[in-house]
Amino acid sequence: GDYYVCFVLPADYIFTVGGQGTSEGVDSDADEVSGCADIFSLSSGETNLSVDAGIYQVGSIGDRIWFDGNGDGIQDAGDTNNIGGVKVSLVNANNYIVVATDTTDAAGIYSFDDVRAGRYFVRFDLNGVTTNVVITLADQGADAIDSDGSAGQVGGFVETAAFVLSSGQTNLTVDLGITYAGASRA
């Protein structure tokens, strides 16, 4: 007879891309949207143990852009001027394709949700941000409070180093500090 199998996802999971391997026994057969595998035929007494589904949890990436008053690359108590209206792109670091975009809110916050596990970098579009600004020092302290942009770039597009997001991971530490050119770096 002819049969098909449909899989039901647990909460907070999605299906992987199907048919990605060269062996039917190790790739996912479930459609990414319906969760159903293609129809297959079985004769009387025949067994097919190769119909399966790969699943994983999506993650999220984000944080904020702030004005670093003393240019030290750390979000200090006095660094309260956040920068809204900046376009932020999430880029696949393996093929350089932009997979999502967001614009910072008035608090300088951006967020990418429902992100597949993978290797990414974040690109900040500082065109239109006040002139005479530079990126603060990168990686000067704990990841949750330091800047991650390439230090010293002037205006234009600024990118972080590539990083890996694992299945189900939330990384809300990818941020960017900017300061006026010539600000002290205490």
Side-chain angles (χ1 to χ4, degrees), residues 11-17 32 55-186:
D12 299 323
Y13 280 82
I14 64 173
F15 290 107
T16 61
V17 177
E32 290 179 80
I55 63 172
Y56 65 95
Q57 289 182 298
V58 292
S60 59
I61 297 169
D63 203 12
R64 72 183 189 122
I65 301 175
W66 85 98
F67 185 78
D68 188 359
N70 62 4
D72 67 354
I74 302 289
Q75 297 179 50
D76 302 311
D79 296 334
T80 58
N81 296 324
N82 302 310
I83 302 167
V86 175
K87 182 179 176 184
V88 184
S89 300
L90 181 64
V91 182
N92 181 315
N94 295 323
N95 59 19
Y96 300 96
I97 293 175
V98 174
V99 297
T101 60
D102 193 16
T103 301
T104 58
D105 64 15
I109 302 291
Y110 74 92
S111 180
F112 300 113
D113 299 316
D114 298 327
V115 179
R116 295 175 179 263
R119 190 168 171 263
Y120 299 97
F121 63 87
V122 174
R123 178 183 297 143
F124 301 93
D125 181 355
L126 296 181
N127 291 302
V129 174
T130 305
T131 58
N132 200 29
V133 296
V134 294
I135 307 312
T136 61
L137 299 170
D139 302 320
Q140 297 298 300
D143 209 27
I145 62 168
D146 71 354
S147 181
D148 298 304
S150 299
Q153 286 186 285
V154 178
F157 294 95
V158 177
E159 297 175 349
T160 67
F163 57 89
V164 173
L165 185 74
S166 301
S167 177
Q169 181 183 4
T170 297
N171 181 351
L172 300 179
T173 66
V174 185
D175 47 22
L176 181 69
I178 66 171
T179 191
Y180 289 117
S184 67
R185 294 190 172 184

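Keep in mind that the numbers below use all heavy atoms, side chains included, and drop hydrogens, waters and symmetry copies.
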- Within the side chain of Thr160, is there an N or O that forms a donor-acceptor pair under 3.5 Å with the backbone of Val122? yes
- Could you walk me through whether Leu126 and Phe157 pass the side chain to side chain contact (heavy atoms under 4.5 Å, CB included) check? CA-CA 6 Å; Leu126 296 181; Phe157 294 95; over 6 Å; no
- Query: Between Leu90 and Val98, does a side chain to side chain contact (heavy atoms under 4.5 Å, CB included) hold up when you go through it step by step?
  - Reply: CA-CA 6 Å; Leu90 181 64; Val98 174; over 6 Å; no
- Message: Looking only at side-chain N and O atoms, does Asp143 offer a donor or acceptor that is under 3.5 Å from a partner on Thr173?
- Response: yes
- Query: Any side-chain heavy atom of Asp125 sitting closer than 4.5 Å to one from Val158?
  - Reply: no
- Taking all non-hydrogen atoms of both residues, which atom of Leu172 and which atom of Asp63 are closest, and how far apart? O-CG, 3.4 Å
- Query: What pairs with Phe163 under ring pair (Phe, Tyr, Trp, His ring centres under 6.0 Å), at least two apart in sequence or on another chain?
  - Reply: none
- Message: Could you tell me if Asp72 and Gln140 have a donor-acceptor pair between their side chains, going purely by distance under 3.5 Å?
- Response: no
- Quick one: do Ile83 and Ile178 satisfy side chain to side chain contact (heavy atoms under 4.5 Å, CB included)? Show the steps, please. CA-CA 9 Å; Ile83 302 167; Ile178 66 171; 3.1 Å; yes
- Could you state the interatomic distance from CZ (Phe15) to CD (Glu32), rounded to the nearest 0.5 Å? 10.0 Å
- Distance in Å, Ser147 OG paired with Ile135 CD1, rounded so as to fall on 0.5 Å steps: 7.0 Å
- More than 12 heavy atoms of other residues, nucleotides or ligands under 6.0 Å from CG of Asn94: is that the case? yes
- Task: Give a yes or no answer on whether the side chain of Thr136 reaches the backbone of Gly177 with a donor-acceptor pair at less than 3.5 Å.
- Result: yes
- Query: So which heavy atom on Asp105 is nearest to which on Ala107, and how close?
  - Reply: OD1-N, 2.9 Å
- Query: Where do Asn95 and Ile97 come nearest, in terms of heavy atoms and distance?
  - Reply: OD1-N, 3.0 Å
- Student check: side-chain heavy atoms of Leu176 and Asp148 closer than 4.5 Å: no
- Query: Taking all atoms of both residues into account, what is the closest heavy-atom pair of Asn92 and Phe121, and its distance?
  - Reply: O-CE2, 4.5 Å
- When you look at Val115 and Ile61, which way does the side chain to side chain contact (heavy atoms under 4.5 Å, CB included) test go after all the steps? CA-CA 8 Å; Val115 179; Ile61 297 169; 4.2 Å; yes
- Is there a donor-acceptor contact under 3.5 Å from the side chain of Ser167 to the main chain of Gln57? yes
- Message: Could you measure the distance from the CG atom of Asp76 to the CD1 atom of Ile145? Nearest 0.5 Å is fine.
- Response: 7.5 Å
- Query: To the nearest 0.5 Å, what is the distance between OG1 (Thr104) and CG (Asp175)?
  - Reply: 12.5 Å
- For the residue pair Arg119 and Ala162, what are the closest heavy atoms and their distance? NH2-CB, 3.6 Å
- Quick one: closest heavy-atom pair of Thr101 and Lys87, and the distance? CG2-CE, 3.9 Å
- Query: Any donor and acceptor pair, going by atom type alone, linking the side chain of Asp146 with main-chain N or O of Ile74 inside 3.5 Å?
  - Reply: no
